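Both counts, for ligands and for their atoms, begin at 1 and track the order of listing. Given the structure is predicted, the values throughout are model-derived calculations rather than measurements.
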Amino acid sequence: MSFEDDETPCTYVGSFPKGFGYGPEEAEIEGPVNPGEEKPRILLMGLRRSGKSSIQKVVFHKVSPNETLFLESTNKIVKDDISNSSFVQFQIWDIPGQIDFFDAAFDSEYIFGGCGALIFVIDAQDDYMEALSRLQMAVTRAHKINESIKFEVFIHKVDGLSDDNKIETQRDILQRATDELNDAGMDNIHLSFHLTSIYDHSIFEAFSKVVQKLIPQLAVLENLLDIVISNSKIEKAFLFDVVSKIYIATDSSPVDMQCYELCCDMIDVVIDMSCIYGVRDIFLSRARDDGAFDNESASFIKLNSGTVLFLREVNKHLALVCILREDGCENRGIIQYNFKCFRAAIQEVFVARNKQANKSTGHPQMDLLVNGQNDDELDSDET
Ligand code: GDP
């Protein structure tokens, strides 16, 4: 089964209605903005034309990869507020490659001080020597100011490289980057490397991993997912931020790229179906601009491979997408019931997080039904 958009190459799926987004586009700034902001910040840095704006547009604004060919290069710091789910609220600052960190106009204390992660984008199709020296400069400067920053290197545009070449480029970049840091006596800095392209799901996967590192409740979410899958005969579960298709948590079994892509496709299909056929209250839906896709949306899709995909909305922004075998979904009622427990537990995580400021403690508990148990009180309200 393929859900590809005819106009986009490879496996890119970008069929969201444009209105299904996070709200206002980015605001441009030329200097520090409101220093009281609390959202964790992700800095996107890299040389000009390395692909920073494209990444931001494709992942968070549903721009198709082909449209990025006509993006203007960034000359100013561009701030983008991402307020998608209650867990994932952050800002992305796209910082032009030519910026001089030692220029008095560049307030590095402020910029790096409130930064959660620094993503450095390296164009793998170009000569990357200059990029590597900029990387080292950025990393050492940022680390001096803020030791808790996570450093992520996106070896980008790898769609243009052969498989062998990808591995070789990654090895070479990793070697040179770590050697330079060691030579500078900064061997305590850890860099994570990701091979990315906007023409497939690798950029979404890489961003997912970066965002997860900024979610303090990640371990709790993973634990909840582990509990729900083991009690529902589910093989793999992802908690997705629906608009960006970033998964903010998954269970502890390893992530297979194909499964992730399948789940992304599932989200597209459900949103498309909801928008086309599911408009229940046309006036309300128009006002909200998101069709009938709401926190009651749910779907089972059976594939001819014997795999079943299950999607259920957790709230307006988050959805649980699961993969299970055909025999695992014999009792959909149990899955639905366990899902409700999961959703209630997630709500408790939100509440606990909010109470944290008041020094509140206590982990959410889930009262799950195990597959095969009596299902008197189950309801199956799938659509
Ligand atoms: P910026 O100056 O770093 O913001 O770079 P842009 O986002 O403007 O991108 C520069 C060029 O790289 C554009 O023509 C994009 O279409 C192209 N580009 C971005 N990402 C990719 C990618 O993953 N693969 C390929 N082949 N080209 C890309």
For ligand 1, is any non-hydrogen atom under 4.0 Å from Q125's backbone (N, CA, C, O), its side chain (CB onward), both, or neither?
-> side chain

With atom 19 (C) of ligand 1 as the reference point, say which of S54, P65, A124, G160 has the nearest heavy atom.
-> S54

Side chains of K209 and S192: donor-acceptor distance under 3.5 Å anywhere?
-> no

Indicate whether the side chain of S253 and that of D251 have a donor and an acceptor atom separated by less than 3.5 Å.
-> yes

Return yes or no for this condition: an N or O of R48 is under 3.5 Å from an N or O of ligand 1.
-> no

With only distance considered, is G51 within less than 3.5 Å of ligand 1 through an N or O on each side?
-> yes

If you measure from the Lys or Arg side-chain nitrogens to the Asp or Glu carboxylate oxygens, is any gap between K245 and D241 under 4.0 Å?
-> no

Given I198, V58, T196, which one has a non-hydrogen atom that is nearest to atom 23 (O) of ligand 1?
-> I198

With heavy atoms of S197 as the reference, note each atom of ligand 1 found under 4.0 Å away.
-> 23 (O)

Take every heavy atom of S50, measure it against each atom of ligand 1, and state whether any distance is under 4.0 Å.
-> yes

Flag for K57-T68: side-chain donor and acceptor within less than 3.5 Å = no

May I ask you to list the atoms of ligand 1 that are less than 4.0 angstrom from any heavy atom of D159?
-> 22 (C), 23 (O), 24 (N), 25 (C), 26 (N)

Assess the side chains of S50 and D123: does a donor N or O sit below 3.5 Å from an acceptor N or O?
-> no

Verify the distance criterion only: is there a donor paired with an acceptor across the side chains of D164 and S162 at less than 3.5 Å?
-> no

Touching ligand 1 at all, I203? Heavy atoms, strictly under 4.0 Å?
-> no

Is the shortest N/O to N/O distance between Y199 and ligand 1 below 3.5 Å?
-> no

Is the closest heavy atom of Q56 to ligand 1 under 4.0 Å?
-> no

Residues which pass ring pair (Phe, Tyr, Trp, His ring centres under 6.0 Å) with Y247, listed by chain and number, not counting sequence neighbours | F238, Y260

Applying ring pair (Phe, Tyr, Trp, His ring centres under 6.0 Å) to H143 and not counting sequence neighbours gives none

Does the side chain of E152 come under 3.5 Å of the side chain of H194 through a donor N or O and an acceptor N or O?
-> yes

Element-labelled atoms of ligand 1 that are located less than 4.0 Å from some non-hydrogen atom of T68 = 13 (C), 14 (O), 15 (C), 16 (O)

Any atoms of ligand 1 less than 4.0 Å from a non-hydrogen atom of L47? List them with their elements.
-> 3 (O)

Within reach of ligand 1, part of I55 (heavy-atom separation under 4.0 Å) | neither

